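For reference, the structure is listed below as structure tokens.
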Amino acid sequence: MTLRALLVLLVAALSLPSCNSRNPVPTSTLIINATVYDGTGSRGIEAAVRFDGDRIVEVGDIAPLDGETVIDAAGLALAPGFIDSHSHHDSALEDFRHMPGALNQGITTIVRGADGFSGDEDAFAYTSQAAFNAAFAANPAAVNVASFSPHNSIRYAVMGDDSSRVATPTEIAAMADLLTADLEAGALGLATGLEYEPGIYADTGEIIALARIAASFGGRYASHIRDEDDRFIDALNEVLQIGAAASIPVHVSHIKLADREFWGTTDAVVAILDAARDDGIQVTADIYPYERWASDLGVLFPDKDFSNRETAEFTFAHTAAPEDIVVSFYAPNPAYEGLSIADIASQNEADPVTTLLTLSKQADDYLRETGRTGSGIIAKGMDERDVAALMRWEYTNICSDGGNDGGHPRGYGAFPRVLGHFVRDLGVLRLPEAIHKMTGLTANTLGIENRGRIAPGYYADLTLFDPATVGDRATMADPTAISVGIEKVWVNGVLAWIDGQPTHRYAGRVVPRAE
């Protein structure tokens, strides 16, 4: 045989398929037999969803590929991963990378900067957006994190211990520089907590000036408003004033009627909000599904005068009775934790007013000495009929305002409570509407791209749950009890929750503001 003929035979042999060659195994996952709620508020459809890597690639009537991972949903509801627009699940992030409080609710994205704070253990500490981004990329959590630039932390970074006053133009300019850097690093906008120090001392002009900076980047303004009880309408009008003056979308954090005198007036509140929208102010709100709120003792004293008996008496008459204010955390004396103001008063043979003043002053002293929050309280201050009415407003989305480490049961139960109690039991919302208020509406309100929908090209943040059984189990006595009915949760295509347990896979990413 000639060399030429030998070469021809060799080329032919190389071109034949090898007996060991196989088609590559698909990297995609296909969820079949699901009732898909796409996050827009549309009714559920029977469909399959394929995702590959971190993205959804196909939705519809899909045949499995050979070797593809296939999950049979058996008719369960498949929704976009829930987005928690006001969260404290970022607190103690090193201890809770696995995010049990969020994942057991079906939450795949949390928003930090809540109430205008960075979320650090030091109540006044400021962490820049760029620093957070770098730290999170190096050591991610099990869920995604978006951020607001935190006004309280920024204000303290600029003014320090001299922050109990109106800021000067020079100080506002310094705050604007920090805010600008955060926005350049992807922050959603500016968040305030005007019921807390040091934001309580900021005048409206300071907030408008900073909100204008956020608006110039296409950002949003979210606020824990100055007052949620007797001065609620004035505080609400301030948010609307800021929105109009800064030409920025404004968001009322955890909207509530926390003064008994306002119970039953939700129609009037919604009318104010609708009128503002008619005037071109893009106002929205979020809400958690409980009659109890949680904060610290300081919010009961808007003038920070912890010797004012009239203020304490007003609290008991309008906000919550002594037996309805429970101390969840008290650094000066942890033995008080779990007791109501009435319990502590009885224990110390004192009247409730004196007890509230004493506890509040001691907690404030602790805060000033250490820079750390000295108290936490949970108070029954809302009416469920008002919660339901505000939840129904077209522009209200769902939030938790909770964390991983207990305290208020909202940290583990808010979203399942909406799906179980408010959807299935009370019929306040239809299921597609509730899912929209947890996903697509929230993403639109916050200015987040490619999340909150089940559609090709969107991130594979997905929650599989049983509408017939989903519900909260967290209570005041057991605030970290795991919800039921949340079967599986994927974050960026990675399974993060299954069979009531986190998988300890850390696929979360920083979610930037849409450009």
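Since we're looking at a predicted model, the values are computed, not measured. In this chain, residues are counted from 1 in sequence order. Side chains included, hydrogens not; waters and symmetry mates left out as well; all remaining heavy atoms used.
Among residues two or more places apart in sequence or in another chain, the side-chain hydrogen bond (donor to acceptor under 3.5 Å, both in side chains) test is passed with Y330 by Q362. Residues passing the side-chain hydrogen bond (donor to acceptor under 3.5 Å, both in side chains) test with R372 are E121, sequence neighbours excluded. By the side-chain hydrogen bond (donor to acceptor under 3.5 Å, both in side chains) test, R155 is found to be paired with E206, residues two or more places apart in sequence or in another chain being considered. Every residue was checked against the salt bridge (charged side-chain N to carboxylate O under 4.0 Å, His left out) condition with R392, not counting sequence neighbours, and none meets it. Residues meeting the side-chain contact (heavy atoms from CB on, under 4.5 Å) test with A507, sequence neighbours left out: V494. Not counting sequence neighbours, R97 has no partner by the salt bridge (charged side-chain N to carboxylate O under 4.0 Å, His left out) test. With sequence neighbours left out, the side-chain hydrogen bond (donor to acceptor under 3.5 Å, both in side chains) criterion links D72 to N33. Looking at residues two or more places apart in sequence or on another chain, you find a side-chain contact (heavy atoms from CB on, under 4.5 Å) between A481 and R473, D478. Here D405 pairs with F96 under the side-chain contact (heavy atoms from CB on, under 4.5 Å) rule; sequence neighbours left out.
When atom types are taken as modelled, the side chain of D364 and the backbone of S360 share no donor-acceptor pair closer than 3.5 angstrom. Without hydrogens or angle criteria, R453 side chain to G440 main chain gives no donor-acceptor distance under 3.5 Å. Formation of a donor-acceptor pair under 3.5 Å by the E323 side chain with backbone atoms of A342 is not found in this model. Looking only at distances, no side-chain donor or acceptor of K380 sits under 3.5 Å from a matching main-chain atom of E291. Without hydrogens or angle criteria, R112 side chain to S87 main chain gives no donor-acceptor distance under 3.5 Å. For the pair T355 (side chain) and I344 (backbone), a donor-acceptor distance under 3.5 Å is absent. Q105 places no side-chain N or O within 3.5 Å of a backbone atom of R417 that could act as its donor or acceptor partner. A donor-acceptor distance shorter than 3.5 angstrom exists from the side chain of T396 to the backbone of L390, with no hydrogens or angles considered. The backbone N or O of N404 sits less than 3.5 Å from a side-chain atom of Y412, completing a donor-acceptor pair. Within the 3.5 Å criterion, the main-chain N or O of D182 finds no donor-acceptor partner in the side chain of S149.
A cation-pi arrangement is not found for R410 relative to Y290, the charged atom failing to lie both closer than 6.0 Å to the ring centre and inside a 45° cone about the ring normal. Geometrically, R513 does not engage F217 in a cation-pi contact, judged by NZ or CZ lying under 6.0 Å from the ring centre and within 45° of the ring axis.
With hydrogens and angles left out, the side-chain atoms of T373 and D296 include no donor and acceptor closer than 3.5 Å. Side-chain N/O atoms of T35 and E46 include a donor and acceptor closer than 3.5 Å. The closest side-chain donor-acceptor pair between D461 and N144 falls under 3.5 angstrom. D115 and H88 form a side-chain donor-acceptor contact under 3.5 Å, judged by distance and modelled atom types alone.
The number of heavy-atom neighbours closer than 6.0 Å to CZ of R309, taken from other residues, nucleotides and ligands shown, is above 12.
Among residue pairs with one or both ends in residues 235-259, those qualifying as salt bridge (charged side-chain N to carboxylate O under 4.0 Å, His left out) are R226-E238, E228-K256; sequence neighbours excluded. Residues in residues 426-441 take part in no side-chain hydrogen bond (donor to acceptor under 3.5 Å, both in side chains) pair, two or more places apart or across chains.
Between the CD1 atom of I377 and the CG atom of L297 there is a distance of 5.0 Å, given to the nearest 0.5 Å.
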Between side-chain atoms of residues 187-202 and protein atoms elsewhere (two or more places apart, or another chain), which donor-acceptor pairs fall under 3.5 Å?
{"unit_1": "T192", "atom_1": "OG1", "unit_2": "Y221", "atom_2": "OH", "d": "2.8"}
{"unit_1": "T192", "atom_1": "OG1", "unit_2": "S223", "atom_2": "OG", "d": "2.8"}
{"unit_1": "E195", "atom_1": "OE1", "unit_2": "H224", "atom_2": "NE2", "d": "2.7"}
{"unit_1": "Y196", "atom_1": "OH", "unit_2": "S295", "atom_2": "OG", "d": "2.6"}
{"unit_1": "E197", "atom_1": "OE1", "unit_2": "R368", "atom_2": "NH2", "d": "2.7"}
{"unit_1": "E197", "atom_1": "OE2", "unit_2": "R368", "atom_2": "NH2", "d": "2.8"}

